[in-house]
Amino acid sequence: MLDFLDISKPFDRLDNPVTLEIERAIIRWVHAEARLLDAERYQEWLDGFIDPEIHYWMPDMETRRRDDPRGTFKYGESAYFDDNWRELEIRVKRYNEPSAWADNPATRHVHLISNIEVNATDDPALFAVCSAFTNVRNRNEADQDIIHGRREDVLRAVDGGYRLLRRRVLIVQNVLLSKNLNTFF
Amino acid sequence: MCDGGCKGGARGRPNMAPVYPKAASYPEYAQLVNRENAQVDRRLFVDEAIYQAELQQIFARSWLFLAHESQIPSPGDFIRTSMGEDDVIVVRQRDGSVKAFLNSCPHRGNRVCMVDAGTKARGFICNYHGWSFGIDGGLRGTDGKVYEKDQAFEKAQIGLTPVAQIDSYKGLIFGTFDPAAPSLLDFFGPFTFYLDIMLDNDEGGTEFIGGAIKSEIDCNWKFPAENFVGDILHAFWTHQSGAQAILGAGVDLGKRYDELAFQASVYGHGIETNLDKVGNTRTLGYPELVDYVYDLSEKASARLGDLRARAIGAISSCTVFPNFSFLPGQNTFRVWHPRGPGKIELVVWTLVNKNAPEHIKEAYRKGVMMTFSPGGVFEMDDGENWEYSTRVNQGFVTRQQPLHYALGLESTDLERELPGHIHKGSMNDANQRLFYTRWAEFMEHDNWTDLQNGDTAPPQKSVKAAE
Ligand code: FES
Ligand SMILES: [Fe+2]
């Protein structure tokens, strides 16, 4: 396996610029994805943005000493998401049920994405894309949840567009300061 | 006036012996649980004075879950957790025993351990002035040996305050701040019969896999605790969407429900189950887990008997009073730590049999994440219910209104030879009534003799059944 596809590892090289044209196309893709998630168009997101071989991982963050070999997070341990396509689809199916009460009445979402860096990889069809995000949810009158973090994505070029093949989501919270995660990152 | 010999105001040396709080008696709070009419007063969920009484009466006395043995296998391995709102370090000792201490330096009170967990620690050093403590909690030294050079300084009696009693039951470590508390086994009573469904269904014993997930919910701690003690009723409505997503159908308690399902309660600990073998396990969404539990259930009937073997993966839930809960079959274990009357910190772990094959452990890890973690398709819809059940009681008039706990008033089961108070059917408020009865006993009684001989104590016939 190519190193940058190994979800347990951060990208090792981020000094491979792409053409301006590809960079513009991928930044458009990133913003379009965020807009779709804001609108809770989860099925379209799954069908149009997610690669069938997706690995979508969001570990929980432990507080550990700097010299602790285990580190803040570790692949194979507990996580909020560690999903393939079928598992993401289960989550989307729940959203599509009218009795998904945590989403009915609807939650209002904003996915703010910034710090986008697009890099080429050893495979001409794959791109390593880093970004930072602010994920805002607000529901009912005054229930608000804000989560900040970083994403490390691998996008695959297919049919003139892009699909998300791998995503690492690293948030800054230790205790999740929310009752749930009725959102994607 | 100081004549120069007043030692800066001190007349003697500090007495640094641990202080374990005394319980009191709050009959006026106990009466808020109306046993005659199966009602509970809403002040239990919002009142600050009642909450402080809970910390004193319940959390400073009960045996509370601390850790699984597997989380701290070697000397110096430790995790940080809470008992009520008290921050606690749980450490494996050199002789293999486990100790736990308040995570607070006796000097100025700073936390001495800032991390969630660690391995092979030699001790804990306070970041403030550098006092250092051994893994046995004793003060080992001070930065620059300033104190050691002070003639009047007595180091020997200074240390981290130990949790008064520690014991473990089949892999689960518990502690209590009350030196007078009865043994852990007496605190459970014959409820161990039901704990063994998850803790002793396989000869290799159990372990926790993959760390802990922590989250905050703005609810009173008793709502989730009573939910797990016996509220399968909510699953149909609350979790319809999750069941649809995973199973493609709503929650189904099985054909033989009327004949098999029951609730059992001892000292406020409670379990409800419908004995359908794999109903909970199926909802994790991995067919290999269902096969595994069918096989396990068959093997385990020699160990546990047929009834308990049927409960390993069945639609069921359990709370150990006051705030430790788990779901058989779904293997999620959790503590609802109180953080004020209107907030909890939820910590969840995944329990597996040590002897289970690796791919089964991995399926449990992912299955629990997919269902009973903050992003899980079931847990997702629980939090808001508990938050608003709590928050609405800020309304002055709202909180004068009683709450209804009267499902199954005529459902006592006197025939089944099972330990504890048995009620027919799992859709029943019986365990929740007994949970709040136990709560009232803790409010009322300042001594364990009364606490262990009240209405929640196991009926005599059932004690025999467990033997
Ligand atoms: S508070 Fe810990 S050394 Fe002073
Ligand atoms: Fe629930």
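Chain letters run A, B, ... following the sequence lines, proteins first, then strands; residues in each count from 1.
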Q.
Assess whether a salt bridge exists between A/Lys179 and B/Glu379, defined as any Lys/Arg side-chain N lying under 4.0 Å from an Asp/Glu carboxylate O.
A. no

Q.
Taking 4.5 Å as the heavy-atom cut-off, does anything in residues 9-31 of chain A contact chain B, and if so which residues?
A. none

**Q.** Derivation and outcome, side chain to side chain contact (heavy atoms under 4.5 Å, CB included), residues A/Asp83 and B/Met369
**A.** CA-CA 10 Å; A/Asp83 291 10; B/Met369 176 190 70; 3.6 Å; yes

Q | chain A contact via B/Phe378 - side chain, backbone, both or neither, heavy atoms under 4.5 Å | A | neither

Q.
Working to the nearest 0.5 angstrom, can you tell me the gap between B/Lys214 NZ and A/Asp60 CG?
A. 9.0 Å

Q: Please look at A/Asp82 and chain B and tell me whether the side chain, the backbone, both or neither of the residue comes under 4.5 angstrom of a heavy atom of that chain.
A: both

Q) Considering only heavy atoms from C-beta outward, does the side chain of A/Leu176 approach that of B/Ile213 to under 4.5 Å? A) no

Q | Trace of the salt bridge (Lys or Arg N to Asp or Glu O under 4.0 Å) decision for B/Lys120 with A/Asp68 | A | CA-CA 10 Å; B/Lys120 303 200 171 64; A/Asp68 189 317; over 6 Å; no

Q: Please list, in residue-number order, every residue in residues 95-122 of chain A that has a heavy atom less than 4.5 Å from any heavy atom of chain B; write 'none' if there are none.
A: A/Tyr95, A/Glu97, A/Ser99, A/Ala100, A/Trp101, A/Ala102

Q | A/Asn182 and B/Glu384, any side-chain heavy atoms less than 4.5 Å apart | A | no

Q) How long is the span from the CD1 atom in A/Ile90 to the CD1 atom in B/Ile246, to the nearest 0.5 Å? A) 5.0 Å

Q: Find out whether the Lys NZ or Arg CZ of A/Arg64 is both under 6.0 angstrom from the six-membered ring centre of B/Phe78 and within 45° of the ring's axis.
A: no

Q | side chain to side chain contact (heavy atoms under 4.5 Å, CB included) assessment of B/Gln244 paired with A/Arg94 | A | CA-CA 7 Å; B/Gln244 282 289 348; A/Arg94 178 194 153 277; over 6 Å; no

Q. By a 4.5 Å heavy-atom criterion (distance strictly below it), what part of A/Tyr75 contacts chain B: side chain, backbone, both, or neither?
A. side chain

Q: Under 4.5 Å heavy-atom distance to chain A, tell me which part of B/Phe208 shows up: side chain, backbone, both or neither.
A: neither

Q. Checking heavy atoms, do the side chain of A/Arg70, its backbone, both or neither come under 4.5 Å from chain B?
A. neither

